[in-house]
Student: 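I have a structure I would like to understand better, so I am pasting it below and will then ask my questions one at a time.
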Amino acid sequence: MAAFIVRRLIQSVFVMFFVALVAFSLFRYVGDPINQMVGVETSLKERDALRERLGLNDPMPEQFWRFISSAAVGDFGISYQHKRPVSEMIALRLPATLELSLISAILSLAIGVPMGVYTGLHRDGLLSKVFMTVSLVGISLPTFLIGILMIYLFAVKMTILPSFGRGEVIQLGWWSTGLLTTSGLKALIMPSITLGLFQLTLIMRLVRSEMLEVLRTDYIKFARARGLSNRAVHFGHALKNTMVPVITITGLQLGSIIAFAIITETVFQWPGMGKLFILAIENVDIPIMAAYLLMIALFFVIINLVVDLLYYAVDPRLRIESGTAHGHG
Amino acid sequence: MAMAEQTTPKPVQAPKGGAAAGGAMARFFDGDVWHSFKNSPITVVAAVVTVTIFLAALFAPIVSPHDPYDLMLLDVMDSFMPPVWEADGDPRFLIGTDDQGRDMLSTIIYGSRASLFIGFASVLLSIVLGVGLGLVSGFRGGMVDAFIMRVAEIQLSFPTILIALLINGVLRGVFPVEQQADVAYAVLILSIGVSGWVQYARTVRGSTMVERSKEYVQAAHVIGIHPTLIALRHILPNVMGPVLVIATIHLAVAVISEATLSFLGVGVPPTEPSLGTLIRIGNDFLFSGEWWIAIFPGAALAILVLAVNLLGDWLRDALNPKLR
């Protein structure tokens, strides 16, 4: 187990190094950072002085090291467009994105797993067929289209839900939350459904196919032969064993949710990091792009690690295997 | 380990070399792929829809009732016309007009042309990149293989749309602002194409490693054929089966990616809109009641993607000998 963790850690460091290199090259080579920082009327001499002061003439490895070490303490430089520290701008928008993503993930799990169990148990039921068809449509419809349709239905036609923004937010220290006000919660409904729908269908289909597979196994037949109730067999025996892939996919999807929040945030004008990133791409605001890239990469790496560790917690077979392997080695 | 990684089952391929074209056709209509096609009504519908949209897009100048790009023909008086069945509808414009007086049906046809062109070009780029790298990776092995596969793993751990957005942002930084409208297509194709190569590479690598150890490859080595030629002429044709399936489903993904990027405002410019750009434009008018400007392009996109997805699903099952 220890060897496994160490190997995964090394791999994670490698990924982060690679991403940092990409982010650094973006920062350094796409356009001239000096041109972005100064006005047109700045003289060549002043430009050179600034270049020297910012250390852009230093050897590349040194610059790269400086980039990494300042990024590690959260300093991502100054936004070209807004002339404000990038870290400050991100900290301002991080709560919006994380709240939206978390609610979507919880939503897709809380609805997806029961739907998957139901369609797995009642394979040919009418409701199952409806679920499956709807999920196929849900997978084929692009996220932004679902968002637009929902806005048209619930904001334009029925005018029961707000179509943009977070509603009222309450400041808890540096964290701004929309979960404590009615308008904040109402504003969350459509974006979180839009964002979570794809994950929901994915989880539902996954749980369904896993349930179908597990229900065919011998130990389920044995459990039935022992006369256990349906409830005990389905939820105590079967569902438990479908959880390994569900945890993996959900964990990995958590990263995707944050990335897909870019689209949802644009549709609903949600003041989060994704919106910031899109504007940065439109305006080639490299420091914001680099910072976003590094943060998302870190997030993905951490999620991947946690998912791998969760395997051990959930699946005792892995513990036994690694234990014997350890004993032999 | 190599064998374990080859998750996509490789279809058993009938020997095709030397057969006359007519014979191949006859065998196709006789074969079980055609049989399973005929017996799946949904697939037939999906195929008809797909072909119709493809043809309409291909012959857009002939098929579409108006030319939405000809500024001379546009009349501001025609703007915001609702579909004909609504009260103020105009029989000239079946499903209404947009903010500039362009006929919606024509813009949608031209829009699917743009979307499909970018989709196909991106898929092609992904295939060239992915199959090429997968072939090299599986055939050479060693350090080259390890490197390519590590890069693939890293890329795979991020969502494709994020990678595409990133490449898009970088390319925008490379080109000066005034050129960006001209290179929009190339930028999109590059960003979607480069973000999609991994699946091809992993599949082709797996099959290549299987093929590499087979006797016909060894025989080719023995008679002194150059390794590059062996990879291209002998192994490549035998690993292309699953690529077709991936490509079909990838086309749907590529069209969605294009629409998403265009919707986000980093794709095709509004002067020659794709489906995504049309939806973006329409989104601005949703609140003032002009629903058709967003909803019809959206429906066209959804139908196209659903049809291609259904075709891809069927193809995957039809070519999979395990499911027969």
Side-chain angles (χ1 to χ4, degrees), chain A residues 11 14-16 18-19 22-23 25-26 29-31 36 136-137 139-149 151-152 155-157 163-164 252-253 255-260 262-263 265-267 274-275 277-286 288-290 292-293 296-297 300-301 303-304, chain B residues 42 150-151 153-163 165-177 180 191 252-253 255-266 275-276 279-280 282-283 286-289 291 294-295 297-299 301-310 313:
Chain A
Q11 212 175 347
F14 178 73
V15 170
M16 281 314 290
F18 186 81
V19 174
V22 171
S25 346
L26 265 181
Y29 298 108
V30 177
Q36 300 283 352
L136 186 69
V137 176
I139 282 179
S140 294
L141 277 180
T143 321
F144 67 95
L145 211 56
I146 293 171
I148 290 179
L149 284 177
I151 288 182
Y152 183 67
V156 179
K157 281 277 140 185
S163 67
F164 65 89
L252 297 178
Q253 287 300 315
S256 303
I257 287 183
I258 289 180
F260 274 107
I262 298 173
I263 302 163
E265 285 176 11
T266 310
V267 176
K275 192 94 180 57
F277 181 61
I278 278 293
L279 290 177
I281 288 184
E282 269 182 67
N283 303 312
V284 197
D285 200 334
I286 302 289
I288 294 184
M289 281 168 65
Y292 183 84
L293 180 64
I296 286 280
F300 271 88
V301 163
I303 288 175
N304 280 340
Chain B
I42 277 192
R150 285 301 87 73
V151 174
E153 266 167 34
I154 293 176
Q155 185 169 332
L156 208 62
S157 59
F158 296 92
T160 25
I161 191 74
L162 193 65
I163 308 254
L165 268 171
L166 207 77
I167 300 171
N168 191 296
V170 173
L171 291 174
R172 278 165 171 268
V174 174
F175 293 108
V177 179
Q180 277 179 8
S191 27
V253 175
V255 169
I256 288 189
S257 303
E258 183 280 323
T260 305
L261 290 177
S262 289
F263 176 77
L264 293 176
V266 293
L275 288 177
I279 298 169
R280 175 188 171 81
N283 194 26
L286 213 53
F287 283 95
S288 43
W291 54 271
I295 301 297
L301 177 69
I303 291 170
L304 172 64
V305 170
L306 188 62
V308 174
N309 263 336
L310 285 171
D313 273 355

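This is a predicted model, so every value here is computed, not measured. Sequence lines set the chain letters: A, B, ... in the order given, protein chains first and strands last, and positions in each chain run from 1.
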Student: Using non-hydrogen atoms only, which part of B:Ala252 is less than 4.5 Å away from chain A: side chain, backbone, both, or neither?
Tutor: neither

Student: Given that the side chain runs from C-beta out, which part of A:Leu293 has a heavy atom under 4.5 Å from chain B: side chain, backbone, both or neither?
Tutor: side chain

Student: Flag the one option from B:Val305, B:Leu162, B:Ile161, B:Leu165 with the top tally of heavy-atom pairs under 4.5 Å to chain A.
Tutor: B:Leu165

Student: Please classify the contact between B:Val170 and chain A as side chain, backbone, both or neither, with a heavy-atom cut-off of under 4.5 Å.
Tutor: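 Both parts, heavy atoms under 4.5 Å.
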
Student: So for A:Leu149, is it side chain, backbone, both, or neither that comes closer than 4.5 Å to the heavy atoms of chain B?
Tutor: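 The side chain, not the backbone.
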
Student: Mind checking what makes side chain to side chain donor-acceptor pair (under 3.5 Å) contact with A:Gln11, not counting sequence neighbours?
Tutor: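 By the side chain to side chain donor-acceptor pair (under 3.5 Å) rule, A:Gln11 matches A:Arg8, B:Glu153.
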
Student: Please classify the contact of A:Leu145 with chain B as side chain, backbone, both or neither, using a heavy-atom distance under 4.5 Å.
Tutor: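 For A:Leu145, the side chain is the part near chain B, not the backbone.
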
Student: Heavy-atom distances under 4.5 Å only: say whether A:Val301 touches chain B with side chain, backbone, both or neither.
Tutor: neither

Student: In terms of the angle between their ring planes, are A:Tyr292 and A:Phe277 parallel, tilted or perpendicular, with boundaries placed at 30° and 60°?
Tutor: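 Parallel, since the angle between the ring planes stays under 30°.
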
Student: Side chain to side chain contact (heavy atoms under 4.5 Å, CB included), that's the test. Do A:Val267 and A:Ile151 meet it? Break it down for me.
Tutor: CA-CA 9 Å; A:Val267 176; A:Ile151 288 182; 3.9 Å; yes

Student: Considering only heavy atoms and a distance below 4.5 Å, find which of A:Thr266, A:Val15, A:Leu141, A:Ile148 pairs most often with chain B.
Tutor: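 Of A:Thr266, A:Val15, A:Leu141, A:Ile148, A:Ile148 has the most heavy-atom pairs under 4.5 Å with chain B.
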
Student: Determine whether A:Thr143 and B:Phe263 make a side-chain contact, defined as any pair of heavy atoms from C-beta on separated by less than 4.5 Å.
Tutor: no

Student: Counting C-beta onward and ignoring hydrogens, is there a side-chain heavy-atom pair between A:Ile278 and A:Ile263 closer than 4.5 Å?
Tutor: no

Student: Taking side chain as everything from C-beta outward and backbone as N, CA, C, O, which of these in A:Phe300 sits under 4.5 Å from a heavy atom of chain B? Side chain, backbone, both or neither.
Tutor: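 Just the side chain, heavy atoms under 4.5 Å.
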
Student: Just by distance, do the side chain of B:Asn168 and the backbone of B:Leu261 share a donor-acceptor pair under 3.5 Å?
Tutor: no

Student: Using non-hydrogen atoms only, which part of A:Ala297 is less than 4.5 Å away from chain B: side chain, backbone, both, or neither?
Tutor: both

Student: Only counting residues at least two apart or in another chain, list the ones meeting ring-ring contact (aromatic ring centres under 6.0 Å, His included) with A:Phe260.
Tutor: none

Student: For chain A, find which of B:Ile295, B:Leu310, B:Ile256, B:Thr260 contributes the most heavy-atom pairs closer than 4.5 angstrom.
Tutor: B:Thr260

Student: Might you point out which heavy atoms bring A:Ala280 and A:Ile288 nearest each other, and give the distance in Å?
Tutor: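 Closest pair (atom of A:Ala280, atom of A:Ile288, distance): CB-CG2, 3.6 Å.
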
